[in-house]
**Q** 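First, the structure itself, so that you have it in front of you.
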Amino acid sequence: MRVLFLLVFILSLLGAPFSSLAQNVTPLSELQWTLTNPNHSISVPGHVPSQAHLDLYDAQVVGDPYYGLNDFTLRWVAETNWTYTASLASVGISSNATSWLVFNGLDTFSTISVCNQQIATTNNQFRQYYFDISKAISHCNVPTININFGSAPNIADELANTSLNEPWKGSQLTSEFPNRWLIRKEQSDFGWDWGPAFAPAGVWQPAYVVQLSNKQLYVRNTLLDIYRQGQLNNLPPDQTKPWVVNASLDVLGDIPQDAGLLIEIKDASNRTVTSGVGKNVTVSGGAISGSIVVEDSAVKLWWPNGLGPQNLYYATVTVLNSGNTIVSSTKRTAFRTIVLNMEPISQRQLDQGVRNGNNWHFEINGHEFYAKGSNFIPPDAFWPRVTTTKIQRLFDSVVRGNQNMLRVWASGAYQPDFIYDIADEKGILLWSEFEFSDSLYPVAESFLDNVREEAIYNVRRVNHHPSLALWAGGNELENLELYLAKLLDPGHYSRWQKEYETLFLDVLLPVVYENSRSISYIPSSTTNGYLSLNHSAPHPMIQRYNNETEGYIYGDTDHYDYDSTVAFNLSSYPVGRFANEFGYHSMPSLQSWEEAVAPEDLHFNSTTIQLRNHHYPSGSLNTTNLPNSTKGMAEMTISVELYYPTPNKADSRANFSAWCLATQIFQADFYRSQITYYRRGSGMPERQLGSLYWQLEDIWQAPTWAGIEYSGRWKVLHYIAKDIYSPVIVAPYWNYTTGDLTAYVTSDLWETVHGTVDLTWYDWSGNVLSNVTKGPSSVAFTVGALNTTKVLQTNTKSLGRSVDLSNAVLRMNLTTEGHLPNNETATTFTHEFFYHPILSLGKARLVDPGLKLTFNDDDDDDDAAAASPAFTVEATNGVSAWTWLDFPSGVTGNFDSNGFWLVPGEPKTVGFDVKNDTTGGRWVENVTVSSLWDFTTP
């Protein structure tokens, strides 16, 4: 009878949008806040969300935290307790309602009082907290709220003197503030080798006063899990099965035990594609859950960037009782499967030439694909400054850069929903990680319980996003931390491994598996995978820590080698199934330095420049880290001196700018070498299907591994990554010991394509060297889906007998036609690569290429020219290596292409995507062009 009544009620609602029963919800951002220190010598306006540093900066108590050496001089802010105070009088609290405080993020140690009564204490930046304050305000005439934040560095130091600090200290990475592994706070807040240590405090996420009358509910979190019927974590599902939509609402208030669920799916046009009464409805622990089945034909699939459209839907989950809507929640979501396949190599794969071992690649909707991307770090040291606009622009650059995946690194913070929303729209997969990195962590029960709550909240919160690709336990735990523990403390290694498994296999894995069937889990970002996976076992995943079978290949790799003498030695790169981290640091542009450094400090080895280089970290609170930072500066200097002409300009400012660019060119050159190597691996025995370089973007203005600077300006790296992440590429592979030179065409399309590669040798003056190959030659090729094929085999030692290798350049031009996945329109793909047969371009016989730059000003349409300006670059006198278009401050955006090579007589037109312009269009007058040749001029 109850089911019949619900069906009648559902029919009456179909076609009409669901709405939540009105509740009195007041954002704490609407209150008037005051920020004070303990003795009230500082009292300034505060904000929610915010952090103490930001409010002090707004009140001009401190300078810009990012300027100069303020990451050192402002440490007193982190070492001080801060109190946020506000009146609740404007909220209009009703005595007939139950009143709650809901915090989506408190950073980190807080004591909360209402009407001078202590309500609660908190100790985890990543948890959602909710407190019933009804009793506290019941006899309070002027209700107030006080949130006192304790100093995280001081509290961490106190915890270091307790039994919580039992992990072996030999592997704990400390950058500046110590003891970060003892507290549940963004670990990079205590310093990292690419960022500052501010350790901020405050209400860093939205917070609310929620008032509920009788029988009202407030949805504080939502789980939506969409998977194929029968799907299990970490295993490829049957793509012929229908979809299961499992929904669960975490609520405040009392859920009727006989409540029901209605789940409705609408498309982007607000058209209902399916709806149904939830089956297997349960009410437990402040949550109500149920599921429906959706036929495959009712919905369209979501695909990552470059692999198909991003079809999005809206799922509304409504709680019903006795014919009434109690509450509803709507989430935008999609239908897709994403699996990290780590199953053993099959006989079919062995027959195809794949080396034995285990797979380690992602599959989207049942298809292998090549994961192309980078690592995403916190985009700011202060999360309240991370805006939708900033992430929109950053992720636009990801898409324009031909990337389809970002690894969301631990240990920053769990990303806010709006970042996943933007990734959903743009088709960017987010390999996500729990916030643990480069340390062994405590396993005290109180610590584990705290982590468990943190993980449950965040796993449930973001699971509906199709961009969510993976949960990893943390960063560099298996390959670095356990490795160091075994190497340096072998007598106690079994303990460290057991404690590692306690946290990452006994706590975090069950949280993922119990709340989602759609997402894979690995305990460490770099891992050899599992020996066995049995979902029926008490411990489903048994790890393979070591590859002990010669010739077998397991797992993914990370690779850092700061010996630049072997940077282009292919044998120095790891062989694995997937490359999740690799890189080298470089300087940001002069324009970025000007945002944060005084003019008198703008030279390569100024004290300020060096101390903003946190590679290598001091490992302490030392503010004179010159010995360590000098090592990092030296690595960049040596790499430039090894491979390029070294800038030596008379003007110190121009020389500094040239050196910044030179370090970026080496960085981009090195990454290009590795990315092409890893991509070629898709057709090699390792069957390598992913490369994510370190790192996408900067957290501030400093020497880092980033490809995009803090302001959004692209370094040379991002332009080169865009080029080398093209769907079909041609690239050389040179063994400079033997002289063997090959070139391969690599494709990540899902179909076989045919095309040609034109191979032409030039001297640096731009003349064709017909005596090398008897003129231009064209090589036809066929390359299979996700595969590679050889198009050149020669030896530079034999070439050197007929040509001066210091005066020779090989140009490779590829042309083919094919279809992007899930796209019926044929596309012409082109790619160009210039190869030089001597290792150092500093020894090449470069000539002045005679670069000519023209702004393509359309007098008939000034508005169009300002919105989408274009420039034509031409080399008139010789080959232009690493042609670089530079633009001044005052405009945000990027060129279509940069860091390219030119031969005489072939002008290249490059567009510019304007994101923001404060110059009224005058910036185009100050665009400049240079090449490697300009490093040789004074």
**Q** The criterion is side chain to side chain contact (heavy atoms under 4.5 Å, CB included); which residues satisfy it with S289, sequence neighbours excluded?
**A**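 For S289, the residues satisfying side chain to side chain contact (heavy atoms under 4.5 Å, CB included) (neighbours in sequence not counted) are S248, T282.
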**Q** Can you list everything that forms a side chain to side chain donor-acceptor pair (under 3.5 Å) with R679? Sequence neighbours excluded, please.
**A**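 Testing R679 for side chain to side chain donor-acceptor pair (under 3.5 Å), a comparison that skips the adjacent residues, returns D748.
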**Q** Checking D380 now: which residues fulfil salt bridge (charged side-chain N to carboxylate O under 4.0 Å, His left out) with it, not counting sequence neighbours?
**A**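 For D380 the salt bridge (charged side-chain N to carboxylate O under 4.0 Å, His left out) partners, ignoring immediate neighbours, are R385.
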**Q** Who pairs with R271 by salt bridge (charged side-chain N to carboxylate O under 4.0 Å, His left out), at least two apart in sequence or on another chain?
**A**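 Checked R271 against salt bridge (charged side-chain N to carboxylate O under 4.0 Å, His left out); matches are D267.
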**Q** Once ring pair (Phe, Tyr, Trp, His ring centres under 6.0 Å) is applied, do any residues pair with F436, and if so which ones, sequence neighbours excluded?
**A**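 Only Y441, F504 meet the ring pair (Phe, Tyr, Trp, His ring centres under 6.0 Å) criterion with F436.
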**Q** With sequence neighbours excluded, what pairs up with W471 under the ring pair (Phe, Tyr, Trp, His ring centres under 6.0 Å) test?
**A**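 Partners of W471 by the ring pair (Phe, Tyr, Trp, His ring centres under 6.0 Å) criterion, ordered by chain and then number, come out as F434.
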**Q** Report the residues that fulfil ring pair (Phe, Tyr, Trp, His ring centres under 6.0 Å) with H718, sequence neighbours left out, ordered by chain and then residue number.
**A**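 For H718, the residues satisfying ring pair (Phe, Tyr, Trp, His ring centres under 6.0 Å) (neighbours in sequence not counted) are W714.
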**Q** Show every side chain to side chain donor-acceptor pair (under 3.5 Å) that has at least one partner inside residues 405-415, sequence neighbours left out.
**A**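 Every pair satisfying side chain to side chain donor-acceptor pair (under 3.5 Å) with a residue in residues 405-415: N375-R407, R407-E433, R407-N475, R407-S525, R407-E581, Y414-E454.
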**Q** With sequence neighbours excluded, what pairs up with Y725 under the ring pair (Phe, Tyr, Trp, His ring centres under 6.0 Å) test?
**A**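 Not a single residue meets the ring pair (Phe, Tyr, Trp, His ring centres under 6.0 Å) criterion with Y725.
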**Q** Only counting residues at least two apart or in another chain, list the ones meeting side chain to side chain donor-acceptor pair (under 3.5 Å) with R461.
**A**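 Here the qualifying residues are D417, N458.
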**Q** List for me each residue that meets side chain to side chain donor-acceptor pair (under 3.5 Å) alongside E751, sequence neighbours excluded, and say none if there are none.
**A**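 Expected list: H819.
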**Q** Could you tabulate the donor-acceptor pairs under 3.5 Å formed by side-chain atoms of residues 292-300, not counting sequence neighbours?
**A**
residue : atom : partner : partner atom : Å
D296    : OD1  : R228    : NH1          : 2.9
D296    : OD1  : R228    : NH2          : 3.2
D296    : OD1  : W243    : NE1          : 3.2

**Q** One thing to verify: whether K390 and E697 come together as a salt bridge, which I'm taking to mean a side-chain N less than 4.0 angstrom from a carboxylate O.
**A**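 Between K390 and E697 there is no salt bridge, as every charged N stays at least 4.0 Å from the carboxylate O atoms.
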